[in-house]
Amino acid sequence: MEIPLVLRFEEIDAGMLPLVGGKAANLGVLTAAGFPVPPGVCLTTEAYRRVTERSGSLEAALDALEVTSPTDTRALAELAGTARAAVLSAPVPEEVADAVRRSAHGPVAVRSSATAEDLPDASFAGQQDTFLNVVGPEAVLEAVRHCWASLWTDRAVAYRAANGVAHRSVRLAVVIQEMVQAEVAGVMFTADPVTGRRRQAVIDAAPGLGEAVVSGAVNPDRFTVDVATGRITDRRAGDKRLAVRSRAGGGVEHVETPAAGRADERAAAGTAGGRTADGTAGGMNGIATGAAGPAAEGTPDGAEGAFCLTDGQARALAELGDRVEEHYGAPQDIEWAVDSDGALRLTQSRPITTLHPIPRHAGPDEAADASADLDDGLRIHVCLSLAQGLHQPITPMGMAAFRLMSSAALGLLGHPVADPRAGAPRFAEAGGRLFLDVTGIMRSRVGRAVLPRVLDVMEARSAVVLRALAADPRFGVTRRSVRPALRRALRVAGRYRVLPRALRALLRPESAHRHARATESALRAHLASPPDATALQRLDRAELILSRWTFRLVPEVAPGPLAGFAMFGLAVRLLGGRARPGEFPTVLRGLPRNVTTEMDLALWHLAARIRRDAPAAALLLGTPAAELAARFHAGALPAVVEEGLREFLREYGVRAVAEIDLGVPRWSEDPAHVIGVLANYLRLDDPALAPDVQFARGAAEAEAVVEGLAARAGGLRGRVVRFALGRARALCGLREFPKFLLVTSLAAARAELAAVGAELAGRGLLASPDDVFFLTLREARTALTGSDAPARPGATAGAGAPEGSGPSAGTRAPGGSGPSAGPGALRALVAGRREEAARERRRRHVPRVLLSDGTEPEAVAGAAAAADGALTGTPASAGSVTGLARVVLDPVGAHLEPGEILVCPSTDPGWTPLFLTAGGLVMEMGGANSHGAVVAREYGIPAVVGVARATGRVVTGQEITVDGTSGTVAVSVPPAAS
């Protein structure tokens, strides 16, 4: 069948994306659904193919783009220019030119429609060109040629490179659509794109064509409409000093509208600088969390005629947008226009790609859980992924493990879960990230006092958000008595003998360290797998490890560090205001027996041994880490490297970057990151900056501060302070050990599941053994047996509830109820999840707190706050350092020059080897006692954590000053080269 060159909107459906591109596909869907879309046609990608297929210069540019780094913006721009010139110079076949000329009826809009455009995960909005009010066949043909060329604008090429879209895979169709001579036009979001709140329409409007709003050439009027009630909750007048209007002979002109500007100045005065019509400010506890207060109905005094839309038109737009969103099943970014007859027209709709998915609960009792605490069902979710220093999405198998472990944790607390594989009722996930529903905790008098304090030392900015939400009347306290919580705490403490163990640790700190190591030895013995186990037995063992051993040993070790931090808190209270800024964090420098610090120093000592072997050192410095990792597995490295690395991995090979996700390979499987860090260490040639020297210096400084604080307190108080801080230093290093035991268990479960993956790949059900980590535990069992029931009684609880509600965990194989639908379906399931994970890894922002209506409270607070450009966070490690910044989003393969300041989104122990050569640390996430803060203090490098958008506001190569005492980061002007 011959591929059509032209299709009418009525002939286009959503499945024609490769032929018509995203914009035309959406216009076809809207037309078929009966929405008021101006009529038009699409010149298909077949026309673009015929024009460009013989262009040798375009092919050469495509070949070069395939091997150009996404970060090499200069090379990308040069190649984009070459590609544009090739398209513009290509002759247009006569049949294509005739098809275009026949489509040019009256004034039209000629708009690009790329196959990578207006997609659910990447909008590509504004990346290609649009031409308005084009009159005449030859003018339309010329506009079409320039639309084709705009597939290769600098911005489009850079956007595709950044989003991992292959340039060779993209083609361009062109929409030729009846021109709407708009009196008023603009853009509408059916969910607030800043706060994330769903069903809150945000409308920007200006006189004339919508180009003025879309291009940012004008400050438009803005309306915010609560879609559920139709109330206008906010109305703000823009200056509208410019209007884009059609010219009689074709094209558009920009017309100044000073009279409208003066009217809008009166309107701005009437709305009190952007407040709601009743004068209510929109702050953290107002519209920030969705409580907009009274409706903003009626025109403010002094603002008559200032707005280019009436209230009725704004409500009609919001209602229409709600119907479009319902049709697509997702919030939409809509372009609209009101013509001279007052008719409302839709000219485009695309998904809002920047919204973070709303967390969904795994269990079947979500609705019951919601109504139990709140009449309107609004929930508060805290992102546990970020609290654990993990920004990237968790694999589906990693999520399944967390569900099982969350059930095990509740079991330890005396609250067994009916279906452990479904997870704890408050377990939720979104975008591959782990969330915890804390609504019930925040409605409890004890919970809202304790939870923010816990987060203060884990993820301080989350604590700030929760304290602000505590003032929201929708989250008022409903459980005031402290006795139930106290009884539960005492019951758990008694069951696991927490108090006697803590007292023993205070009396004899060395006994706590011996007990921790003995616990680790016992755990490793339990985790040893029989060599002749079947795949099904290994799956049983993996579930047993996750449900029994991951948390069982935590109460054995946790009393020691708890006692240490209790002593630290006692000293802080006794000293009152006698301590100077930065002294308390200094006390925690150079802590002994921290398993993460010991790991980093062991790697440093290995680097020191390698340095003494000149050929081995040269090999590490001059060979890619991936190649060295392959040589290591082949036993082909120099002896000092081979033996030293094997010794290190025997102890610490269970670890990894993002190690709480068991779907991530361990260092014992892929030591490339460790080898890269060794190479970084070899570049450090200043003995004074050696990590072990700095660690010893930090410990000495800490001891000196302890003595100084004790002397300042004096007398009996001073002796108690000295004892308390001494015990804190002796015991707080154990803080990392419970997680190390957890990671050791996860590594063992991963090894069992890897064998399951090998079995499924051997049967042809999976393409590779690693694909098993893109299934869930239930799906892996079904693939092995055809049933999701455990192979033997007691391995896990039965089936029933879904394993997850997010796409990354809950997607089922097409054509059946699960992976039993066949090998092809199982492979397609895995492929889809891998693509989704790749998209989520490109997400730059993950909310730390998210409400169930999509609102991100911190985003609203940030929008309402004054933008003074200051970078502030939580002091984590005292001291000040000035140096060049190195922004690192992924530590694997990262190159950090000695003394550079590491700027990163978050860290877990897998990042900390980089700290040894860093001059300072800035993190977007974390609190004073998060993993990164602890290790930074122990190495004596200044650190500030919880700095909002640090990786976007700081540029690699920029000079910055990190003040770890005050919690500030001073940023210089970015260098011209960046």
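Just so you know, these numbers come straight off a predicted model, no measurement behind them.
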(request) List in chain and number order the residues that pass side chain to side chain donor-acceptor pair (under 3.5 Å) with D661, two or more places apart in sequence or in another chain; answer none if no residue qualifies. (result) T395
(request) Using the test side chain to side chain donor-acceptor pair (under 3.5 Å), find all partners of E900 that sit at least two apart in sequence or belong to another chain. (result) R886
(request) Answer yes or no: is there a donor N or O on one side and an acceptor on the other, between the side chain of E583 and the main chain of R580, under 3.5 Å? (result) yes
(request) Could you tell me which residues satisfy side chain to side chain contact (heavy atoms under 4.5 Å, CB included) with V954, sequence neighbours excluded, listed by chain and number? (result) L871, A885, V887, V903, Q958, I960, V971
(request) Say whether, by atom type as modelled, one donor and one acceptor occur between the side chain of E642 and the main chain of L637 under 3.5 angstrom. (result) yes
(request) Please confirm whether the backbone N or O of L682 pairs with a side-chain atom of R611, one donor and one acceptor, at under 3.5 Å? (result) yes
(request) Look only at the side chain of R722 and the backbone of E707, and say whether a donor-acceptor pair between them is shorter than 3.5 Å. (result) no
(request) Identify, with sequence neighbours excluded, every residue that meets side chain to side chain contact (heavy atoms under 4.5 Å, CB included) alongside R666. (result) A656, E659, V664, S668, E669, V743, A747, R750
(request) Using the test salt bridge (charged side-chain N to carboxylate O under 4.0 Å, His left out), find all partners of E556 that sit at least two apart in sequence or belong to another chain. (result) R501
(request) Would you check if the side chain of R655 reaches a backbone N or O of E651 as a donor-acceptor pair within less than 3.5 Å? (result) no
(message) Filter on side chain to side chain donor-acceptor pair (under 3.5 Å), then keep only pairs touching residues 564-575, sequence neighbours left out; what's left?
(response) none
(request) Without swapping roles, check the side chain of S511 against the backbone of R508 for a donor-acceptor pair under 3.5 Å. (result) yes
(request) Not counting sequence neighbours, list each pair that qualifies as a ring pair (Phe, Tyr, Trp, His ring centres under 6.0 Å) and has a residue in residues 596-630. (result) W604-Y681
(message) Between S745 (side chain only) and L741 (backbone N and O only), is there a donor and an acceptor less than 3.5 Å apart?
(response) yes
(request) Please name all residues satisfying side chain to side chain contact (heavy atoms under 4.5 Å, CB included) with E703, sequence neighbours left out, ordered by chain then number. (result) R729
(request) Check whether any side-chain N or O of Q694 sits under 3.5 Å from a backbone N or O of L689 as a donor-acceptor pair, and report yes or no. (result) yes
(request) Name all residues meeting the side chain to side chain donor-acceptor pair (under 3.5 Å) criterion together with E897; count only those two or more places apart in sequence or in a different chain, and write none if there are none. (result) H895
(request) Kindly say whether H391 contributes a backbone atom to a donor-acceptor pair with the side chain of R433 at under 3.5 angstrom? (result) yes
(request) Classify the side-chain pair E924/T951 by whether it contains a donor and acceptor separated by less than 3.5 Å. (result) yes
(request) Output every pair passing ring pair (Phe, Tyr, Trp, His ring centres under 6.0 Å) with a member in residues 606-646, not counting sequence neighbours, ordered by first then second residue. (result) none
(message) Restricting to side chain to side chain donor-acceptor pair (under 3.5 Å), what partner residues turn up for D890, sequence neighbours left out?
(response) none
(request) List in chain and number order the residues that pass side chain to side chain contact (heavy atoms under 4.5 Å, CB included) with A713, two or more places apart in sequence or in another chain; answer none if no residue qualifies. (result) L575, R717, V721
(message) If I take atom NE2 from residue H845 and atom CD from residue E858, how far apart are they, to the nearest 0.5 angstrom?
(response) 7.0 Å
(message) Using modelled atom types and a 3.5 Å cut-off, is there a donor and acceptor pairing between side-chain atoms of H513 and backbone atoms of L734?
(response) no
